[in-house]
Number of protein chains: 2
Amino acid sequence: MVTLSDVAKEANVSKMTVSRAINHPEQVTPELLELVEKAMDKLHYRPNSAARALVNNRTNVVKFITLEDIDTTEPYYMNLLFGVARGLTKEQYALQLVTDIGDIGKSGDDGYIITGARQADYDLFDAFDKPFILYGENRHGYDYVDTDNSLGEKIATKYALERGYEHVVFIGLDVKEPFEYSRENGYLSTMQQAQMPTQIYRAANHSHQSKKVVLDNWEKFPQNTCFVCGSDRLAVGIIWALLEKQVKIPEEYGVIGFDGVFLDQVSNPKITTIKQPTFEMGEILAQMLLQKIKLSGAPQGEVLLEPKLVVRDTTK
Amino acid sequence: MVTLSDVAKEANVSKMTVSRAINHPEQVTPELLELVEKAMDKLHYRPNSAARALVNNRTNVVKFITLEDIDTTEPYYMNLLFGVARGLTKEQYALQLVTDIGDIGKSGDDGYIITGARQADYDLFDAFDKPFILYGENRHGYDYVDTDNSLGEKIATKYALERGYEHVVFIGLDVKEPFEYSRENGYLSTMQQAQMPTQIYRAANHSHQSKKVVLDNWEKFPQNTCFVCGSDRLAVGIIWALLEKQVKIPEEYGVIGFDGVFLDQVSNPKITTIKQPTFEMGEILAQMLLQKIKLSGAPQGEVLLEPKLVVRDTTK
DNA sequence: TTGTATGCGTTATCAG
DNA sequence: CTGATAACGCATACAA
């Protein structure tokens, strides 16, 4: 193993100069800096993460906390997770996955990335003595990363109108959470701007729930209706209902989903959807948390990323 | 932060006795052991993982390497990953996710869990200087964990016959990998035992591929045929084909999938499938790797876990 | 600007 | 069986 000392010897300086060259390069003269860098390159030096962690009183570990029931959103989180992992690994950080909130104190960590948080969970967070970043909008001032949910449904609604659907209905998730309100607002504002009447239904995030909503209210959905949905799962259920009614997709009825992870592609027909930049969000989550750790907890603010419309087979 | 010294003081012993009480309890007298344990409890002592890693020349980090294209199997790996994470966290280990094999040398680690390995990848492994465990059968003597693939398809085939399907066809994955051979063998041996004629088709692991296979060979599948599949993805495609042919599922045609992760449940109708114990396999992978690290690379052998038949709506 | 000494928390070695 | 000491690799405080 190559250590600081080895590099120091190679460069004919002291260990400290090498250490400084890495952590505070501005404190060392350009000549020495170059010498040190050459020596590091030559010896393929890589800092020992454990030693660094020990002296800095860190663990170099971040916990990824999933509060939501994993089963309902699996593929979605997979992308987020790989994004987080990439962001962390760059900085020599590693990951622990926790689904049981009680497990948090059981091993060391430097901070948390929290997903699937609901209003009811916010109390927990105030007890944390480590920095954390939420994945998902909140109105409590916690740092977070999310898709621009409102923009997403604006894009979806606008597209439905442009494609000539005469009625656009919103099928949302029946949760009282900021991200859902944002999505509904995106739909509402676009419809109002177009001076179109609005119709909103809500269902739990299961395909058979949204299917039921459509079947139960079938008489309210004339031909040439497009369903703008709060998730791809809901979109899938709506497609089931439409298939059962033996109507034509996308000619007679349109469907636009939200998420764009996995489900949209394994569905038949494939779903036109609002795709979230899941991987990128994960990477940004990691960057923000690492930054927050470095700055001993300084607020990092809110980041909203642009979703993109992906046109497939459920819109004309 | 509570350290060894604090515990030592509390128990009126030296640091070393505390350290030994933790790592080599058999080397310390029962009386002292109890004293130490009480002190640890009282002070809520938790070993500093970084310090431990430093002195043991470890990183306490394991890399989870996904060689297969993530997109094709996402939800499947999610469960595996959470299982791995649980196994690691128990031992204060953390995780790094890598999809690009070139990233392996870039940061420290104590070992690897490798998924999606194909014959072509085996050369890479011999270059590793750290312990690793494969997820997935192999015939090269590498330690691995997998489902009992042969048993899985035996169960599926047997069930299809029991339920009175007169023809049972196997639709497998067109990869030349041990797990696939095992699955085919499970089907073949069961059919031969029942003195039934066999029929095998293979397709890439995409729903539209298996759909095509069924449609292209439709005349070879009389009523009362059950399709036993190498994956749920293939099963989904077969269902699409059957729906297109407007035949009755499960009365006229049956379908049995393989995997039992996510897809089987979001499909409509829901798929009868062979469910792999994915989470458990992940946990065992972690345990085996940690053990192998502890024993400086000693072979851990092979572990096959029993899959389970989950009856849903695609079999009568 | 650079170097020296010291300590982070733990474990192995060796002496008692 | 138990304890004192040194060492792991790095970074901070202080001295030069």
Side-chain angles (χ1 to χ4, degrees), chain A residues 1-40 43-61 91-94 107-110 293-294 296, chain B residues 1-37 39-40 43-61 91-94 107-110 293-296:
Chain A
M1 154 170 278
V2 183
T3 73
L4 268 191
S5 302
D6 298 325
V7 178
K9 241 174 259 170
E10 175 72 27
N12 271 318
V13 296
S14 76
K15 301 198 297 183
M16 273 321 300
T17 305
V18 181
S19 176
R20 269 191 282 259
I22 296 169
N23 301 301
H24 312 283
E26 73 283 0
Q27 296 179 15
V28 56
T29 53
E31 299 80 49
L32 282 190
L33 196 62
E34 205 191 316
L35 270 182
V36 171
E37 279 169 352
K38 265 186 193 149
M40 292 199 297
L43 301 180
H44 298 107
Y45 171 72
R46 270 203 350 237
N48 180 312
S49 161
R52 188 177 258 183
L54 177 60
V55 70
N56 288 332
N57 196 24
R58 294 260 169 77
T59 62
N60 281 20
V61 168
E91 304 288 332
Q92 303 256 53
Y93 260 76
S107 61
D109 50 55
D110 296 341
I293 291 170
K294 194 180 292 178
S296 34
Chain B
M1 152 169 282
V2 184
T3 73
L4 267 191
S5 302
D6 298 325
V7 177
K9 242 174 257 170
E10 175 73 25
N12 270 317
V13 297
S14 77
K15 300 197 297 182
M16 271 321 298
T17 305
V18 180
S19 176
R20 268 192 281 260
I22 296 169
N23 301 301
H24 312 284
E26 74 283 359
Q27 297 180 14
V28 58
T29 54
E31 299 80 50
L32 282 189
L33 197 62
E34 205 190 318
L35 270 180
V36 171
E37 277 169 354
M40 292 198 300
L43 301 179
H44 298 107
Y45 170 72
R46 270 207 348 244
N48 180 313
S49 161
R52 193 177 253 186
L54 177 60
V55 70
N56 288 330
N57 195 24
R58 294 260 170 76
T59 61
N60 280 20
V61 168
E91 304 287 332
Q92 305 256 52
Y93 259 75
S107 62
D109 50 56
D110 296 342
I293 291 169
K294 195 180 291 176
L295 303 177
S296 35

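By convention in this document, chain letters (A, B, ...) are assigned in the order of the sequence lines, proteins followed by strands, and residues within each chain are numbered from 1.
When the P atom of D:dA13 is taken as reference, atom CD of A:Gln27 falls 11 Å away, rounded to whole Å. One atom, CG of A:Asn48, and another, P of D:dA7, lie 18 Å apart when rounded to the nearest Å. The CD1-C1' distance, from A:Ile22 to D:dT12, rounds to 15 Å in whole Å. Following rounding to the nearest Å, A:Leu4 (CG) and D:dA11 (C1') show an atom-to-atom distance of 9 Å. For the pair B:Arg58 CZ and D:dG9 P, the computed distance is 14 Å after rounding to whole Å. Atom pair A:Leu54:CG and D:dA11:P shows a separation of 11 Å (rounding to whole Å applied). Atoms CG (A:Asn60) and C1' (D:dC10) sit 12 Å apart, rounded to a whole Å. Atom CZ of A:Arg46 and atom C1' of D:dG9 are 14 Å apart (whole Å).
Side-chain atoms of B:Asp109 never come within 3.5 Å of backbone atoms of B:Val61 as a donor-acceptor pair (strictly under, hydrogens ignored). Put simply, the side chain of B:Asn60 never gets that close to the backbone of B:Tyr93: no donor and acceptor are under 3.5 Å apart.
Distance NZ/A:Lys15 to CG/A:Asp6: 10.5 Å, rounded to 0.5 Å. Atoms OG1 and CG, on B:Thr59 and B:Asp110 in that order, are 3.5 Å from each other to the nearest 0.5 Å. Atom CZ of A:Arg20 sits about 12.0 Å away from atom CG of A:Leu33, to the nearest 0.5 Å.
Note on B:Arg20: every side-chain N or O is 4.0 Å or more away from OP1 and OP2 of D:dC1.
No contact: B:Asn57 has no heavy atom under 4.0 Å from any strand. Across all strands, A:Val55 comes closer than 4.0 Å to base atoms (heavy-atom distances). As judged by a 4.0 angstrom heavy-atom cut-off over every strand, B:Asn56 is placed among residues touching the sugar-phosphate backbone only. The residue A:Glu26 sits apart from the nucleic acid: no heavy atom pair falls under 4.0 Å.
Checking D:dA11, D:dC8, D:dT2 against every side-chain atom of B:Thr29, the shortest atom distance belongs to D:dT2. Nearest nucleotide to the A:Met16 side chain, out of D:dA11, D:dG3, D:dG9: D:dA11.
Heavy-atom distances to DNA chain C give each of A:Lys15 and A:Val28 a nearest nucleotide, and the one nearer the 5′ end belongs to A:Val28. Map B:Leu32 and A:Ser19 each onto its nearest nucleotide of DNA chain D; the residue landing nearer the 5' end is B:Leu32.
Counting heavy-atom neighbours within 6.0 Å of A:Glu34 CD, excluding the residue itself, gives a total of 12 or less.
Where DNA chain C meets chain A (any atom under 4.0 Å from a heavy atom), the bounding nucleotides read 5' to 3' are C:dT1 to C:dG9.
Heavy-atom minimum distance, B:Ala50 versus A:Leu54: CB-N, 3.8 Å.
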